[in-house]
A.B. asks: 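The following block contains the structure, expressed as structure tokens.
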Protein chains: 2
Amino acid sequence: MEAAYPIQPELDRTFAALAHPVRRAMLLRLAAGPASPSELGAPFRMSQPAISRHLHVLEEAGLITRERSAQWRPCVLHKDPLLEADSWLMEFRRSWEERLDRLDGYIEHLHETSSDIMQKEREDGREHTNG
Amino acid sequence: MEAAYPIQPELDRTFAALAHPVRRAMLLRLAAGPASPSELGAPFRMSQPAISRHLHVLEEAGLITRERSAQWRPCVLHKDPLLEADSWLMEFRRSWEERLDRLDGYIEHLHETSSDIMQKEREDGREHTNG
DNA sequence: AAGTTATATAACATACTAGTTAATAACAGC
DNA sequence: GCTGTTATTAACTAGTATGTTATATAACTT
């Protein structure tokens, strides 16, 4: 059976990665250029393994890759997932603005009928209760 | 002691809210106008309490408010947190582009010195190891 | 070879997430 | 006041996230 709504695991991981202040700070730092884990971890009072795990989350989200240069593992930013996140926000904005466009007509409509916005809800709602 | 990096719990909650496909779908639906929990939950094969909890997450993130109209609790979108999320992405993009601007000069620099990008890392790194 | 530095992994504790079913609350309409 | 509808809350389970300390791995240094 097909899902009735978009399943986007990459977008899930991207937004989840952005939901932690340490990882956001790391990404901002990486926007300026590659950096080693120790440099990325320096601003945080947090153990070295914790930093390593945050980098792992960023890597799983496709936001960075870790390369090798001697004992350093410089992290390089990949911004494609962020573009995807941005696309979602743009799609949202588009829907929002479409709605504003429709509002003009809707306000006209209100002048002619009841202003109880839930009336339509009641009429439409019967066909799709969950249980 | 002050944190060495920006702590933004609202942004944390916003991105975390966006990290679930059901909640993203709900927000897109709400961009078109208010809706009841049952309407919002209709597309998903998921119990009604689960829907209610997702709405709670959106409410905690400030993305919706739940009003009362008889036994219905119409959900209304508030897009301010999404604007904040968008701002973060814009800040990121700004840093990214600043970096590209600097790259021109950097490439000049490479022609004069070693191309081992980690050399600088080694020199800078000593003063801030964690542990 | 032995020591140091940089980083990752293992093992663990704790908290949070996301789902379930069952119970409860608020309201509409007969 | 009973009954059905809408929605939330309670109690629980399973899985994931985030931190810790201890240990392992890899590469440079002497």
A.B. asks: 5'-most contact on DNA chain C: B:R53 or B:P49, nearest heavy atom basis?
C.D. replies: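 Final value for this comparison: B:R53.
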A.B. asks: Measure the distance from NE2 on A:H54 to P on C:dT9 and round it to the nearest whole Å.
C.D. replies: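 It is 16 Å, rounded to the nearest whole Å.
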A.B. asks: What is the separation between atom CG on B:L18 and atom P on C:dA18, rounded to the nearest whole Å?
C.D. replies: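 That distance rounds to 12 Å.
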A.B. asks: Counting the atoms with a prime plus P, OP1 and OP2 as sugar-phosphate, which does A:H56 contact under 4.0 Å by heavy atoms, base, sugar-phosphate, or nothing?
C.D. replies: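 It contacts nothing in the nucleic acid.
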A.B. asks: If you check the B:W72 side chain, which of D:dA27, C:dT20, D:dA7 turns out closest?
C.D. replies: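 Of the options given, the side chain of B:W72 lies nearest D:dA7.
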A.B. asks: Per the atom types in the model, does the base of C:dA6 pair as donor or acceptor with the side chain of A:Q48 at under 3.5 Å?
C.D. replies: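 Per atom types, no contact qualifies.
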A.B. asks: Is the phosphate of D:dA7, meaning OP1 or OP2, less than 4.0 Å from a side-chain N or O of B:S38?
C.D. replies: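 For B:S38, the contact criterion (side-chain N or O under 4.0 Å from OP1 or OP2 of D:dA7) is met.
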A.B. asks: For residues A:P74 and A:S69, determine if any side-chain heavy atom of one lies less than 4.5 Å from a side-chain heavy atom of the other.
C.D. replies: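 Of all side-chain heavy-atom pairs linking A:S69 with A:P74, at least one is under 4.5 Å.
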A.B. asks: Tell me, please, whether A:W96 has A:R99 positioned over its six-membered ring: NZ or CZ under 6.0 Å from the ring centre and within 45 degrees of its axis?
C.D. replies: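 Yes; both conditions hold, so A:R99 lies above the ring face of A:W96.
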A.B. asks: Should A:S47 be listed as having a side-chain N or O under 4.0 Å from OP1 or OP2 of D:dT20?
C.D. replies: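 Yes, because at least one side-chain N or O of A:S47 sits under 4.0 Å from OP1 or OP2 of D:dT20.
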A.B. asks: Report the nucleotide, chosen from D:dA7, C:dT9, D:dT8, that has the shortest atom-to-atom distance to any side-chain atom of B:R66.
C.D. replies: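 Between D:dA7, C:dT9, D:dT8, the one nearest the side chain of B:R66 would be D:dT8.
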A.B. asks: From CD of B:E67 over to P of C:dA26, roughly how many Å is that when rounded to an integer?
C.D. replies: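 These atoms are roughly 19 Å apart.
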A.B. asks: Of A:A19 and A:R68, whose nearest nucleotide on DNA chain D comes first from the 5' end?
C.D. replies: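 First, find each residue's nearest nucleotide; the 5'-ward one identifies A:A19.
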A.B. asks: Where the side chain of A:M46 is concerned, which of C:dT20, D:dG19, C:dT7 is the nearest nucleotide?
C.D. replies: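 It is D:dG19.
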A.B. asks: Please check if the side chain of B:R23 supplies one atom and the backbone of B:A17 the other of a donor-acceptor pair under 3.5 Å.
C.D. replies: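 Such a contact is found between B:R23 side chain and B:A17 backbone.
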A.B. asks: Can you measure A:R73 atom CZ to D:dT25 atom C1' for me and round it to whole angstrom units?
C.D. replies: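 Between C1' of D:dT25 and CZ of A:R73: 11 Å.
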A.B. asks: I need the NE2-P distance between B:H20 and D:dG15, as an integer number of Å.
C.D. replies: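 These atoms are roughly 16 Å apart.
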A.B. asks: Nearest whole Å is fine: how far is C:dT7 P from A:L58 CG?
C.D. replies: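 Going from A:L58 (CG) to C:dT7 (P), I get 15 Å.
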A.B. asks: Nearest to the B:R23 side chain among D:dT6, D:dT18, C:dA18, which nucleotide is it?
C.D. replies: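 Comparing D:dT6, D:dT18, C:dA18 against the side chain of B:R23, the answer is C:dA18.
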A.B. asks: Please report the distance, rounded to the nearest Å, between CZ in A:F44 and C1' in D:dG19.
C.D. replies: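 Checked: the CZ to C1' distance equals 15 Å.
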A.B. asks: Output the rounded distance in Å from CD1 (A:I51) to C1' (C:dT7).
C.D. replies: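 One finds 12 Å between C1' of C:dT7 and CD1 of A:I51, rounded.
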A.B. asks: Quick one, A:F92 with B:K79, criterion side-chain contact (heavy atoms from CB on, under 4.5 Å). Give me CA distance, side-chain angles, the key distance, then yes/no.
C.D. replies: CA-CA 10 Å; A:F92 173 85; B:K79 70 182 203 309; 4.2 Å; yes
A.B. asks: Report yes or no: does A:R66 contribute a side-chain atom to a donor-acceptor pair with the main-chain N or O of A:L55 at less than 3.5 Å?
C.D. replies: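 It does not hold such a pair.
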